[in-house]
Amino acid sequence: MCDSFTFGPRIAEHVVEFRLWAPLADGVRLRIEGRGEWEMLPRGDGWKAVEVPQVLPGELYRFILPDGRAVPDPASRFQPRDVHGPSELIDPVFDWQTPGWTGRPWEESVIYELHVGAFTHGGTFSGVIERLDYLKRLGVTAIQLMPVGDFPGRRGWGYDGVLPYAPDSSYGRPEDLKRLVDAAHARGLCVFLDVVYNHFGPDGNHLTAYAPIFSDHHKSAWGHGLNFDAEGSRFVREFVIQNALYWLGEFRMDGLRLDAVHAIKDDSNPHVLIELADRVRKAFPDRQIHLILENEDNNSALLARDAANRPRHFTAQWNDDIHHALHVAATGETFGYYGDYADYRPRLRRALTEGFAFQGETMAYSGRSRGMPSADLPPTAFVSFIQNHDQIGNRAKGDRMVAGHPMASMKAIAAIYLLSPQIPMLFMGEELGSAPPFPFFCDFDQALNSIVKIGRREELKRLPGFDVDDAPDPTLEETFLRAKLPWCDDGSARQFQEFYRQLIAVRHRAIIPLIARAQGQSAVSDQEGPLIRVKWQFGGAILRLVANLSDAIVATALPCPEEMLFVSGRRSNDSIDAWSVIWSLTFAHQEAQAVSSER
């Protein structure tokens, strides 16, 4: 484990060393509120530092640049007055109640993505703790928090953060987040954290005034890329890698989800992603740490396994392909990137059997090839879902599928992804059939709010199928309040929740024991016909899926009732009804007996 960090204050017995990497600034001073100012001395490689005696946790400080600007510590551990305010000195010591926790095996993961501010009425870390028992009863084994690094204002998705070491004060204090992790571990739940290493937000990032944080030769959707490969990049890489170690070590997170890694450009060797993963694996050899990617490039090389079938670098990737195919099947929407999945059956078959539906083929939507071969990877290298923050929130109204489509189709696609050998991820409220939207929201200053509103409308105009006039104003507080989970306890919510609970219980009982030893090249599917038929081989066990994702009854041979694990919808002896799904499980000796009896 990493016991010390280059960035941020170093607390010793009677003194605190304050440090700042500021190669572009001379004459930096430290200001401690109510105490005075100290000149920071050069330490080489652009570092400035000063030791101050008798500084106590809770005291507030800033760095004063040569032009007089007062800035927070870029590695601040807490910002009680938001991103432009002073940083608070935080004592990292915490009285953990679960010191023996080392994590859970990846194949046991049933992930629940949530936004801390919108998950409960109070919108705090403490509020999440109050719902942990509910999530455990549901069968969830891991919660995934959307980014909590300090962002401007009192509400936001978290992807415009600027101080990645500081939990946002709107959710609580650092010790509150540690209590949440501790409480989750006490219930056998893992905690994963979404982190953003591809850009900084537009408000509150002061790093450019004193450090070469950005690159002139790499661009992203947010502007200049981070400097991972030019002059000064060594410390930019360290800033990011140590941040990953910080969350995993000091906060005992069980894993990280790295946002949009296709936007992390780095021409050096090793790539910063590989170095990050290797450093994490080395730092925590006795814990089960899981690293998850979002990657539009479908780069299967990052998911490679070693001879023992362990991840060399990253554990899994969000599988957008399976989402898009299931979404098109259930909704009939074919605008934008959904057009590449209009013929959803072959896309879905390939996504279920091989992971990626696009493995080098050209996507009409983007006009470029996408993906790499992935059939050699085990199904556990992919995280499947039918909802997440992006796929809901990036719609004009932030509407969920359940708000406008039949419940039978929602249950059918849920039954597919929750029992698939891939790792399932729910989005908060999905299991309740929650219909209220989860729109994009933010809270910048007035000038930036105006720019965001215009930019949001222009972005939606480029995606056919949405009416920009339907989009709520992302800067209004009421837009954020609409995103809060209502926690309805009516009969329909309870019924839908029970459907999910049963599916997850089947997964724990029958699917997880199989995928613990899953290898690549273990699945085949029928390539023709109106049904989705897939077969997975796990040693002597054979898992089968038969799904009718249409409005018509289809005549077909079906598994014996005693082989069926789960049935959603209706079937007869020789047909399967509309929007019906059948999962079955047989073992080699059963197959042999069946063949023998036929003879």
* Partner set under side chain to side chain donor-acceptor pair (under 3.5 Å) for Trp157, not counting sequence neighbours -> none
[X] side-chain N/O to [Y] backbone N/O, donor-acceptor pair under 3.5 Å:
| X | Y | answer |
| --- | --- | --- |
| Thr315 | Ile292 | no |
| Tyr171 | Val116 | no |
| His323 | Gln391 | no |
| Thr475 | Asn449 | no |
| Trp487 | His121 | no |
| Ser580 | Ala578 | yes |
| Arg345 | Ile532 | no |
| Thr353 | Ala523 | no |
| Asp470 | Ala396 | no |

* Any chance you could lay out the side-chain hydrogen bond (donor to acceptor under 3.5 Å, both in side chains) test for Trp101 and Asp254, step after step, and finish with the verdict? => CA-CA 10 Å; Trp101 173 268; Asp254 299 282; 2.7 Å; yes
* To do: List in chain and number order the residues that pass ring-ring contact (aromatic ring centres under 6.0 Å, His included) with Tyr159, two or more places apart in sequence or in another chain; answer none if no residue qualifies.
  =>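 Expected list: His389.
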* Asked: What orientation do His327 and Tyr338 show, parallel under 30°, tilted 30 to 60°, or perpendicular over 60°?
  ->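 Geometry flag for Tyr338 against His327: parallel rings.
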Is it true that [X] and [Y] have ring centroids separated by less than 6.0 Å?
| X | Y | result |
| --- | --- | --- |
| Phe251 | Phe94 | no |
| Phe358 | His324 | no |
| Phe382 | Phe385 | no |

* Measure the NE2-OG1 distance between His185 and Thr102 for me, rounded to the nearest 0.5 Å. => 9.5 Å
For the student: nearest non-hydrogen atoms of [X] and [Y], plus distance:
| X | Y | result |
| --- | --- | --- |
| Val581 | Ala412 | CG2-O, 3.5 Å |
| Arg507 | Gln422 | NH2-O, 2.7 Å |
| Leu448 | Asp203 | CD2-CB, 3.7 Å |
| Met407 | Val402 | CE-CG2, 3.8 Å |
| Asn243 | Pro164 | ND2-O, 3.0 Å |
| Val383 | Ala316 | CG2-CB, 4.0 Å |

Give a yes or no on whether a salt bridge exists between [X] and [Y], defined as a side-chain N under 4.0 angstrom from a carboxylate O.
| X | Y | answer |
| --- | --- | --- |
| Asp340 | Arg370 | no |
| Arg501 | Glu498 | yes |
| Asp469 | Arg457 | yes |
| Arg187 | Asp133 | yes |
| Arg179 | Asp176 | yes |
| Arg257 | Asp259 | yes |

* Would you please say whether a donor-acceptor pair under 3.5 Å links the side chains of Glu431 and Tyr134? => yes
* Thr98 and Asp182 side chains, donor-acceptor separation under 3.5 Å ->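 There is such a pair between these side chains.
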* To do: Check whether any side-chain heavy atom of Gln144 sits under 4.5 Å from a side-chain heavy atom of Cys190, and report yes or no.
  =>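 Result no, sub-4.5 Å side-chain heavy-atom pair not found.
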* Asked: Are Thr120 and Glu130 close enough that some pair of their side-chain heavy atoms sits under 4.5 Å apart?
  ->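 No, too far: nothing below the 4.5 Å cut-off.
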* Sole candidate of Trp318, Phe438, Phe119 that passes ring pair (Phe, Tyr, Trp, His ring centres under 6.0 Å) when paired with Phe427 ->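 Testing Phe427 for a ring pair (Phe, Tyr, Trp, His ring centres under 6.0 Å) against Trp318, Phe438, Phe119 leaves exactly one candidate, Phe438.
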